[in-house]
Amino acid sequence: MLETLKKALKVKEIRKRLWYTFFMLIVVRLGCQIPIPFINHDNLQAVMSGFREDFSFFSAITGGSLENMSIFALNITPYITASIIMQLLTIAIPKLDELQKDGEEGRKKIAEITRYLTVGLAIIESTAMVIGFANQGIFTTESGLAYDATNWRKWGVILTGIIAMTAGSAVLMWIGEQITEKGVGNGISIVLTINIIAGIPADISGLFTTYVVGGDSSIGMRLVAALIILAVLIGIVVLVVILQEATRNIAVQMSQKVQGRRQIGGQQSNIPLRVNTAGVIPIIFASSLLQFPVVIASFFGKQPEWANYLSQSHWCNPAQLKYSIGFIVYLLLIIFFAYFYTSITFNPREVAKNLSDRGGFIPGIRSGKPTVAYLTGILNYVIFIGAVGLIIIASIPILASGLAGANVGFGGTSVIIIVGVILETLQTIKSMITERNYSTVRGIF
């Protein structure tokens, strides 16, 4: 990684792209600290006191901006949701599927639809959040004057909050696209990653303060606690890297063809199946599905008994084992969404057809239905291994919270995102360096 960065900094064009990305990320973090108008900070802190514990994942991906009710409170979550919806609609609606396969113009059209959908979702989400939080008294309309839902100020406060949060989400979407175009890597992914990274120092500091510095045990036990924390963190990173990089290669043989006096083809290749094909999507889907009702209930100032079954802060607690039913449901949802998402992104029937059309086949497997059945069997096995890996990674922070009371805002899910984006960005930089070297050599000759 360091060697790649050193080479990149020696190239003026890539260096400019890196600096552009860096400054845009500074803008992102500054925006996360600017509160929307009329916020009563004392009331906000009281309302948000349990937010980071109950909704640690959403707190992590927004970089703490939602807890601060900043202009970037929604962050890029509407864009992520819109992108996922568009992926699902592409499978369900043939016209969108044609657009996606229609080259650059089709992809631009889909990107444009995604932008409009992002703004629409941002309006809906910001409206629900502003009204919900306003009912809990986090706004003031004047110095010392509390939010009053019975007069005209109500609508001014609500409208201002909706506009600020929607505009903030749209600006972040634009920043992500600009980083993609003028910076390095996928801009949206990089914005998401910097938000997660921003909260990691505080979380690690909190762990060490609770179990090492502030512990009542002996120095030896504190040292053991520090070593355990470091070992778990390193173990999560290593497991994520293995899971992200692991692939199952399916051997493919191309048929030989005779053209004139020459024989072409006959090459051996492979179809790489990533073990974690769905990435972090299954965990995001499962978390969102379970926590959405809890978020809605909290906006209206209610905490019903059923919400404890869906809240991660109540799982794996020996004193409240009945609430761990939600944890079991969460793990089952991860497995379900791992299979579901992979099934819409990798179609064994289509792969088998493409192989047959190109004169390729899997050694020992006949073309047609046998190939489809073989690919399906391998895919199901690979998905299960990947889902088990996701379950292990997602369970570590939950178990640490329930069994040891460790409040960790980041966890295996965040590490998956960070590692994946870093690897992807490094690959993009390597491609830029290779392309630049190739262009230089071609210019000489």
Side-chain angles (χ1 to χ4, degrees), residues 5 8 14-37 39 41 44 48 51-52 55-84 111 114-115 117-119 121-123 125-126 129-130 161-204 279-280 284 409-410 413-426 428-429:
L5 290 176
I14 300 178
R15 188 166 62 246
K16 287 174 62 177
R17 286 177 170 271
L18 287 170
W19 278 114
Y20 182 85
T21 302
F22 176 73
F23 284 119
M24 292 302 276
L25 292 180
I26 289 178
V27 173
V28 171
R29 291 311 305 161
L30 287 175
C32 290
Q33 311 306 317
I34 302 174
I36 62 176
I39 286 290
H41 293 282
L44 177 65
M48 291 295 187
F51 182 88
R52 191 167 180 81
F55 310 110
S56 57
F57 179 67
F58 292 104
S59 176
I61 65 176
T62 60
S65 58
L66 187 53
E67 295 165 77
N68 299 328
M69 284 299 288
S70 74
I71 57 175
F72 288 169
L74 292 178
N75 224 274
I76 58 171
T77 54
Y79 182 87
I80 294 174
T81 305
S83 299
I84 293 172
T114 304
R115 293 189 197 103
L117 183 58
T118 298
V119 174
L121 289 173
I123 292 173
E125 291 179 20
S126 60
M129 287 178 60
V130 170
I162 293 172
I163 292 174
M165 292 172 67
T166 302
S169 183
V171 168
L172 277 179
M173 177 178 63
W174 177 82
I175 288 175
E177 292 179 346
Q178 293 302 304
I179 291 175
T180 302
E181 181 181 347
K182 301 177 182 179
V184 291
N186 186 321
I188 297 296
S189 298
I190 291 175
V191 170
L192 177 61
T193 301
I194 199 65
N195 286 334
I196 295 173
I197 291 175
I200 289 179
D203 287 322
I204 295 178
V280 77
I284 293 177
F410 74 97
T413 308
S414 301
V415 177
I416 291 176
I417 296 173
I418 293 171
V419 172
V421 172
I422 289 176
L423 293 176
E424 179 187 355
T425 304
L426 286 175
T428 301
I429 294 174

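The first residue of the sequence shown is numbered 1, and numbering continues consecutively from there. The shown structure was predicted, so the numbers you read here are calculated from the model rather than taken from an experiment.
- Closest heavy-atom contact between Pro78 and Thr118: CB-O, 3.8 Å.
- Listed here is the closest heavy atom pair of Glu181 and Arg17: O-NH1, 3.2 Å.
- Atoms CE and CE, on Met129 and Met165 in that order, are 3.5 Å from each other to the nearest 0.5 Å.
- Using a distance-only test at 3.5 Å, with no hydrogens or angles considered, no donor-acceptor pair links the side chain of Ser169 to the main chain of Thr166.
- Qualifying ring pair (Phe, Tyr, Trp, His ring centres under 6.0 Å) partners for Phe23, counting only residues two or more places apart in sequence or in other chains: Trp19.
- Going from atom OG1 of Thr62 over to atom CG of Asn195 covers 7.0 Å, rounded to the nearest 0.5 Å.
- Rounding to the nearest 0.5 Å places CD1 of Ile80 at 13.0 Å from OG1 of Thr114.
- Smallest separation of non-hydrogen atoms from Phe72 and Val28: CD1-O, 3.5 Å.
- Judged as a ring pair (Phe, Tyr, Trp, His ring centres under 6.0 Å), and not counting sequence neighbours, Trp174 has no contacts.
- Note that CD1 of Ile179 is 9.5 Å distant from CD1 of Ile194, once rounded to the nearest 0.5 Å.
- Between atom OG of residue Ser70 and atom CD1 of residue Ile39 there is a gap of 9.5 Å, rounded to the nearest 0.5 Å.
- From Ile418, atom CD1 reaches atom OG of Ser189 across 12.5 Å, with rounding to the nearest 0.5 Å.
- Partners of Arg115 by salt bridge (Lys or Arg N to Asp or Glu O under 4.0 Å), not counting sequence neighbours, listed by chain and number: Glu177.
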